[in-house]
Number of protein chains: 2
Amino acid sequence: MTQVAAIIGGGVIGGAWAARFLLNGWAVRMFDPDPEAGRKIGQVLANARPALRSLTDLPMPEEGALSFHNTIAEAVTGATYIQESVPERRDVKHATLAKITAACAPDAVIGSSTSSFTPSMLTAGQSARGRIMVCHPFNPVYLLPLVEVVGSPETDEDAITACMDILTRIGMKPLRIHKEILGHIADRLLEAVWREGLWLVNDGICDTGTLDDAIRYGFGLRWAQMGLFETYRIAGGEAGMPHFIGQFGPTMDWPLCHMSDVPDLNEALIARVAAQSDAQSGHRSIRELERIRDANLVGIMRALKAGNWGAGTVLNAADAARKAAAGLPDMTGLVRTADRTIPLDWADCGGHTNRARYLQAFGDATDRFLELIGCDADYIATGYGYVTAETHIRHLDAVPSGEPIIMDTQVLQGAGKNMRLFHYLKHRDNGHLLATGEHMLLHISLETRRNVPPPDWMSDRCGRVAAAHAALPMPQGGRCRGR
Amino acid sequence: MTQVAAIIGGGVIGGAWAARFLLNGWAVRMFDPDPEAGRKIGQVLANARPALRSLTDLPMPEEGALSFHNTIAEAVTGATYIQESVPERRDVKHATLAKITAACAPDAVIGSSTSSFTPSMLTAGQSARGRIMVCHPFNPVYLLPLVEVVGSPETDEDAITACMDILTRIGMKPLRIHKEILGHIADRLLEAVWREGLWLVNDGICDTGTLDDAIRYGFGLRWAQMGLFETYRIAGGEAGMPHFIGQFGPTMDWPLCHMSDVPDLNEALIARVAAQSDAQSGHRSIRELERIRDANLVGIMRALKAGNWGAGTVLNAADAARKAAAGLPDMTGLVRTADRTIPLDWADCGGHTNRARYLQAFGDATDRFLELIGCDADYIATGYGYVTAETHIRHLDAVPSGEPIIMDTQVLQGAGKNMRLFHYLKHRDNGHLLATGEHMLLHISLETRRNVPPPDWMSDRCGRVAAAHAALPMPQGGRCRGR
């Protein structure tokens, strides 16, 4: 049965929450009094689709249905999960939560996107306090996985558990914080940097562009994969953390940053920041910057995915869960070995898929087929696997990145110690044949690298598929003959 | 003539400076009184080689010669660039700089790795004050490009210019800061986060692992590609920076971080941080963490390189400069179209090159050959180019990542509207043939996608190479016959 999420408050944050749920197959019921809400959310969805779909190598569910409602009560009807992202004002939040709790299901999870209020501040005087918690996301919410999850002392533990389970299922990284504080964790760290950065601009030490470069060419690169404490642990080397702190622990005797009062945000300072920001970034529109940002984040996150580290582990876990839920395809006809969107970071400068990525697409399809006949990670761990000896690709048409494609695979040779696969790469919507890839694979001992027969059960399984496929038309363009 | 750099003080920072210079072909003269210096620097170099070489797609220069010297005076003899990375103590720095300036060439550049002292603090009482400046790098120095460059009021502007030119030539990003302050820019921002982070651990809001996750699953990903001000500009949307500051400017009325005095770094807090760090990271050795970190950073930086953004622009600029300096290869025999190290992020879990990367390697070699016959970015901008119609790859042996490979290219068909290239991928050191790739390319109008003849000058150029190559042995394994 389709799950239902209610998004109360659109905009950059609410619209991106809607995208997360919709693209994971949930129905989304939206409430936003802004008459422009439909248009604005449409823009967020247009950015979100190619970006979020770039993070997975597997078919995503059918996109859910989005509906707009005139009242909060209507919007939350039937919703399992409710996220409020209304303006950061206590009175507005309280009024919103009161309307939500008056109408929602008793077992609904109610998350707040608030960046500064504690859960206790939100729940004060509310009914259904046990269901309300902070679920603070990070822009762009359709790409960055982090959600800070904080309950008040009155939030039910099983509501939090249900919440974190849902967030995981929509591909996010819920981070439980067990103690309330203004700003939770990340925004407190950001506030510290923001204050110091404004001082440096205020005092003419640097302009906004120089400060940003001091981040993104240096420690900013580190923090995409390891945080503060792990980075310092490594820097401390074998001597360890206590030694590192002894050497580099901050001290009032050596104030390496301001005492963090705040510079006077007067007109002159605001004008200076605005002018420097224009000089730094003004040659690109906000839309352009968003698209560049999203393409960069996709590239960074897919790099971490390949290394199965940090944010990449979230992507791999989501793919694994989806794969486990998918079940096995029919193999009596062509085997559907891929159903995906071409990731944003597979594009060359013309917006077309870089030719080198074709082999990656075919390689992924080959890996999927091997998995289906039992050559999965567990089997490979026993010391055997398949290597590719020969590849033949016909590049028939250009593939724009962000487009949906499917891969259908035919087994030309199955039983025995060699395997021949033929992949058809097609546009998913119009069936247009974009490329073909043929591989000759050898079953080998990973230790000796020698070509040895696979176990009978695997050879039989593959041979049965080959026999069924022998009844299908033979592909054109087959070239791999072996040596 | 070989350039000479002197590195005064080894360790993690000095050793990585040495790596940067050596791998860019400079001779490096090292001074470090630690009897273990040779071993420690050897370890840094062993990490640095595959990592730094992963950032480029072009041949790197022959590695320079490393020599160890018993005195600072000997080490700085003949050095154009001198970098001190001795312990962060004023007396030690002063004594070191005095010895350097007493013996170095009058036009040498003298950089200090100091993370906290201002250049004026360093140069007080020194001779050759005009040549001394802060050049503050970031760990791992052989990967992260940022160097904060700060002169004192007495530093000569042309010394700073010479310094920044050298740093650019060794592939770094020198960031000029025009006004002195303790900690320069980045470490002040880090100090602000460090203080707030220690408070959060001190007050039991979270442990070290949770804080690190709040960074690396959220804003840390953003900061690998855009800094604080640009990120906020986008978040402010069309309303602009003044509006954003009005809404989110930090204020003493709503203290989202501590007043940044420092928690008492007593034994109990230090022990708590150390224990949490052990729980978070202790299952991996420092060496393992360093290698994981470096592989992650390579992946992130190569992703930014592909998108030509942020740190990626530094890599592309370095490659462009090296390509311009290299000149044209001999094309009467096989054309050397690649000479590179297999990047760390091209490895699959077994440490071998992921098969999909073979097509990327062949694609890069094809692009290089096309460039050599005049199909470069300028030509493509006129609306024409070559697309690959067909690819045939024989995967003959596994290629471990981090290994040096070369690509030699034979033209099987050159003149006219189609081109056939045959690439031999070999191990650079032992000449072992690892794979072959054959491509059929079509010259097309990028607008109509129709296969049209190239201009006569390009057809002639390519045809001459094909004629010369017809005298060479024909490759085995050629399969592309066209349709």
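The chains referred to below are lettered A, B, ... by the order of the sequence lines, with proteins before strands, and numbering in each begins at 1. Fair warning: this is a prediction, and the values are worked out from it, not measured in the lab. What you see below is based on every heavy atom in this structure, not just the backbone, and it leaves out hydrogens, waters and symmetry mates.
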If I measure from the heavy atoms of chain B, does [X] come under 4.5 Å with its side chain, its backbone, both, or neither?
{"X": "A/Leu228", "value": "both"}
{"X": "A/Val201", "value": "side chain"}
{"X": "A/Met172", "value": "neither"}
{"X": "A/Val387", "value": "neither"}
{"X": "A/Asn308", "value": "neither"}
{"X": "A/Ala186", "value": "both"}
{"X": "A/Ile205", "value": "both"}
{"X": "A/Arg222", "value": "both"}
{"X": "A/Val12", "value": "neither"}
{"X": "A/Ala306", "value": "neither"}
{"X": "A/Glu180", "value": "backbone"}

Checking [X] against chain A: side chain, backbone, both or neither under 4.5 Å from a heavy atom?
{"X": "B/Glu230", "answer": "both"}
{"X": "B/Asp345", "answer": "neither"}
{"X": "B/Ala295", "answer": "neither"}
{"X": "B/Leu175", "answer": "side chain"}

Do B/Thr210 and B/Asp207 have side-chain N/O donor and acceptor atoms under 3.5 Å apart?
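Judged by distance alone, the side chains do pair up.
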
Check A/Gln476 against A/Arg394 and note the closest heavy-atom contact, atom names and distance.
O-NH2, 3.3 Å

Take the angle between the ring planes of B/His136 and B/His184 and call it parallel below 30°, perpendicular above 60°, tilted in between.
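It falls in the tilted class, 30° to 60°.
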
Does A/Thr231 reach the main-chain N or O of A/Gly227 with its side chain, forming a donor-acceptor pair under 3.5 Å?
yes

Would you indicate whether the side-chain heavy atoms of [Y] and [X] approach each other to under 4.5 Å?
{"X": "A/Leu211", "Y": "B/Leu189", "value": "yes"}
{"X": "A/Val298", "Y": "A/Trp346", "value": "no"}
{"X": "A/Trp309", "Y": "B/Ile292", "value": "yes"}
{"X": "B/Ser116", "Y": "B/Asp187", "value": "no"}
{"X": "A/Glu290", "Y": "A/Ile286", "value": "yes"}

Given B/Arg216 and B/Asp213, is the side chain to side chain contact (heavy atoms under 4.5 Å, CB included) satisfied, shown in steps?
CA-CA 5 Å; B/Arg216 71 202 188 111; B/Asp213 284 353; 3.0 Å; yes

Before you tell me yes or no, could you show the steps for B/Arg188 and B/Glu191 under salt bridge (Lys or Arg N to Asp or Glu O under 4.0 Å), namely the whole-Å CA-CA distance, both residues' side-chain angles and the distance that decides it to 0.1 Å?
CA-CA 5 Å; B/Arg188 296 186 68 90; B/Glu191 171 94 353; over 6 Å; no

Go through [options] and name the one with the most non-hydrogen pairs under 4.5 angstrom from chain A.
{"options": "B/Gln360, B/Met226, B/Gln225", "result": "B/Gln225"}
{"options": "B/Arg293, B/Met301, B/Glu88", "result": "B/Arg293"}
{"options": "B/Gly307, B/Gly299, B/Pro145", "result": "B/Pro145"}
{"options": "B/Ala274, B/Ala361, B/Gly310", "result": "B/Gly310"}

Determine the option with the most heavy-atom pairs under 4.5 angstrom with chain B, choosing from [options].
{"options": "A/Ile177, A/Asp278, A/Val314", "answer": "A/Asp278"}
{"options": "A/Leu297, A/Leu304, A/Leu190", "answer": "A/Leu190"}
{"options": "A/Pro140, A/Gly218, A/Ser277", "answer": "A/Ser277"}
{"options": "A/Phe362, A/Tyr358, A/Phe138, A/Tyr232", "answer": "A/Tyr232"}
{"options": "A/Leu144, A/Leu221, A/Val273, A/Leu143", "answer": "A/Leu221"}
{"options": "A/Ala303, A/Ala271, A/Ala224", "answer": "A/Ala224"}

Side chain to side chain contact (heavy atoms under 4.5 Å, CB included) for A/Phe229 and B/Trp194? Distances and angles first, verdict last.
CA-CA 9 Å; A/Phe229 285 99; B/Trp194 187 212; 3.6 Å; yes

Going through the checks in order, is the side chain to side chain contact (heavy atoms under 4.5 Å, CB included) test met by B/Thr391 and A/Leu359?
CA-CA 10 Å; B/Thr391 295; A/Leu359 186 51; over 6 Å; no

How many angstroms lie between atom NE2 of A/His395 and atom CD of B/Glu390, to the nearest 0.5 angstrom?
8.0 Å

I'd like to know whether B/Leu200 forms a side chain to side chain contact (heavy atoms under 4.5 Å, CB included) with A/Ile181, so could you lay out the CA-CA distance, the side-chain angles of the two residues, the decisive distance to 0.1 Å, and finally the verdict.
CA-CA 9 Å; B/Leu200 295 175; A/Ile181 191 168; 4.1 Å; yes

